[in-house]
Amino acid sequence: MGSSPSFPIVSLPRDRIVVVTGGNTGIGYETAKHIAMMGATVIIACRSEQRATDAIRRMNDEYQEDRKNDKLKEGHINEDKLPIEFMQLDLASLKSTMKFIEAFKSSGRKLHVLLCNAGVAMVPRGQTEDGYETHFQVNYLSHFLIVAHLLPIMKTSGEDCRIVFTSSLGHKGARFDLEKAQAQNASDYGRMLYYANSKMYQIQHMFCLSRRLRGSDVTVTSMHPGTVSTEITRNYSDMKCFSCLVSCFDSMKALRTPYQGAVTLIDLAVNPKYKGTTDVYFVDCKSSSIARLARNEQYQEDLWNYSVECLKQYLPADITASLDMPQDGNQ
């Protein structure tokens, strides 16, 4: 397989604001910690304040251990505490998502990097409190809402602002049929299929955003972290055969660690060489091919319009206007 991919250690200013959804565990945990070690202010957005507090404490303990053992490298900060904060966000609730959005807006902060990382995988068929299929809302729709509301802030936050979606190679197994997007009929539902669909939606969202952000200082990319051993496996613990297969891969060291899975995400968040890079899908820190369905521009725009319709009560006129396609190359 050759050498493992890596990310540069870049000295980041404290006023560079990075939001990581789901930053209290797995890939998000490693991403938040390592970006904070470079000096940026990192906000981890997740459901449980207790779990977030525990995660931040653990990050600081690990950081201080590295500091004590002289393992910090050039570009790392050398301080008593990492610049990491918590904000509450439950992606399975549009009301909670709006509370997070309003709390961030009211802080008056800029936003330079938005890492849409949190998600669920292969959960049983079900609906959120808002009536949407779980993968659709948690992995895709609530992130769409966050992006829609925070884009105006990112557009005025200075140069080189970035949005990154944690997608998956699984998107290549997706199907595009918006009439079945919410799995109203049990016979339509497949756990792997609807997970794959949600990951395809993220990539389609990337393309739609890139068209609308033409000429701005905001770029959008997506990535596949690899097959990673994280807490997300609890979502399909009842799938005995699949869980057994994952356990076998884990015992053979065939699964990536959360750190290894986070490398590409961190790279896309901090590497100066990606300034201006947009609508590209990455695997192992390299651009990679995207499934034909995800590249279909008509499907992308159909999904965009469907999503706006789903969220119409949460998208006031000024936000909707900010999402319009630019004309003649203007924002």
Side-chain angles (χ1 to χ4, degrees), residues 2-46 51-87 104 107 109-118 154 157-164 166 217 219 221 223 225-226 228-231 256-277 282 284-286:
S3 59
S4 298
S6 61
F7 56 85
I9 298 173
V10 182
S11 182
L12 301 172
R14 186 59 49 87
D15 61 358
R16 188 162 178 83
I17 308 299
V18 179
V19 169
V20 186
T21 66
N24 65 309
T25 187
I27 297 167
Y29 174 95
E30 296 293 343
T31 299
K33 183 180 78 169
H34 286 279
I35 294 177
M37 287 174 66
M38 299 181 212
T41 297
V42 178
I43 297 168
I44 59 174
C46 56
R51 294 193 70 190
T53 300
D54 291 344
I56 293 171
R57 183 183 304 112
R58 191 164 69 253
M59 290 178 197
N60 275 298
D61 288 346
E62 292 167 356
Y63 166 66
Q64 292 304 330
E65 187 70 18
D66 285 348
R67 189 176 176 221
K68 183 176 72 174
N69 294 324
D70 295 322
K71 291 184 178 180
L72 299 183
K73 300 177 181 178
E74 184 177 353
H76 282 150
I77 59 174
N78 188 0
E79 300 178 10
D80 293 331
K81 186 179 179 181
L82 290 172
I84 303 179
E85 304 172 19
F86 160 74
M87 290 184 70
F104 188 89
S107 73
R109 284 172 153 166
K110 294 182 177 182
L111 176 59
H112 303 93
V113 182
L114 173 59
L115 303 179
C116 299
N117 168 75
M154 297 189 78
S157 291
E159 292 187 350
D160 195 16
C161 294
R162 307 179 183 191
I163 300 169
V164 187
T166 299
D217 287 312
T219 58
T221 55
M223 52 79 68
V228 184
S229 178
T230 70
E231 285 190 13
R256 294 185 174 185
T257 64
Y259 171 79
Q260 291 169 331
V263 166
T264 301
L265 185 57
I266 300 168
D267 190 40
L268 290 173
V270 306
N271 197 326
K273 77 177 184 180
Y274 296 127
K275 182 179 180 180
T277 299
F282 287 83
D284 291 338
C285 299
K286 297 178 182 178

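Because the structure is predicted, anything quoted here is derived from the model rather than measured.
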Beyond-backbone contact of [X] with [Y], side-chain heavy atoms, under 4.5 angstrom:
{"X": "Asp160", "Y": "His112", "value": "no"}
{"X": "Phe104", "Y": "Val19", "value": "yes"}
{"X": "Met223", "Y": "Asp267", "value": "no"}
{"X": "Tyr63", "Y": "His76", "value": "no"}
{"X": "Arg162", "Y": "Lys275", "value": "yes"}
{"X": "Ile35", "Y": "Leu115", "value": "yes"}
{"X": "Glu30", "Y": "Lys33", "value": "yes"}
{"X": "Val263", "Y": "Arg256", "value": "no"}

Quick one: does [X]'s side chain have a donor or acceptor within less than 3.5 Å of a partner on [Y]'s backbone?
{"X": "Thr41", "Y": "Arg14", "result": "yes"}
{"X": "Asn60", "Y": "Leu82", "result": "yes"}
{"X": "Arg67", "Y": "Glu79", "result": "yes"}
{"X": "Thr219", "Y": "Gly276", "result": "no"}
{"X": "Ser157", "Y": "Lys110", "result": "no"}

Which heavy-atom pair separates [X] from [Y] by the least distance, and what is that distance?
{"X": "Cys46", "Y": "Ala52", "value": "SG-CB, 3.7 Å"}
{"X": "Met59", "Y": "Tyr29", "value": "N-OH, 3.3 Å"}
{"X": "Cys116", "Y": "Ile163", "value": "SG-CG2, 4.5 Å"}
{"X": "Ala32", "Y": "Gly23", "value": "CB-O, 4.3 Å"}
{"X": "Cys161", "Y": "Gly158", "value": "SG-O, 3.6 Å"}
{"X": "Ala36", "Y": "Pro83", "value": "O-CD, 3.6 Å"}

Go through the steps to decide whether Val164 and Tyr274 satisfy the test side chain to side chain contact (heavy atoms under 4.5 Å, CB included), and finish with yes or no.
CA-CA 12 Å; Val164 187; Tyr274 296 127; over 6 Å; no

Audit row: Met37, Ile9, side chain to side chain contact (heavy atoms under 4.5 Å, CB included) steps and yes/no
CA-CA 9 Å; Met37 287 174 66; Ile9 298 173; over 6 Å; no

Worked verdict on Glu62 versus Glu65 for side chain to side chain contact (heavy atoms under 4.5 Å, CB included)
CA-CA 5 Å; Glu62 292 167 356; Glu65 187 70 18; 5.6 Å; no

[atom2] on [Y] to [atom1] on [X], rounded to 0.5 Å:
{"X": "Leu268", "Y": "Lys273", "atom1": "CG", "atom2": "NZ", "result": "9.5 Å"}
{"X": "Thr257", "Y": "Ile27", "atom1": "OG1", "atom2": "CD1", "result": "9.5 Å"}
{"X": "Ile43", "Y": "Phe86", "atom1": "CD1", "atom2": "CZ", "result": "11.5 Å"}
{"X": "Ile17", "Y": "Arg109", "atom1": "CD1", "atom2": "CZ", "result": "5.0 Å"}
{"X": "Asp217", "Y": "Met154", "atom1": "CG", "atom2": "CE", "result": "10.5 Å"}
{"X": "Ile84", "Y": "Ile44", "atom1": "CD1", "atom2": "CD1", "result": "6.5 Å"}

Determine whether Thr221 and Phe282 satisfy the following criterion, side chain to side chain contact (heavy atoms under 4.5 Å, CB included), listing intermediate values before the conclusion.
CA-CA 8 Å; Thr221 55; Phe282 287 83; 4.0 Å; yes

Salt bridge (charged side-chain N to carboxylate O under 4.0 Å, His left out) evaluation trace for Arg57 with Asp54:
CA-CA 5 Å; Arg57 183 183 304 112; Asp54 291 344; 3.0 Å; yes

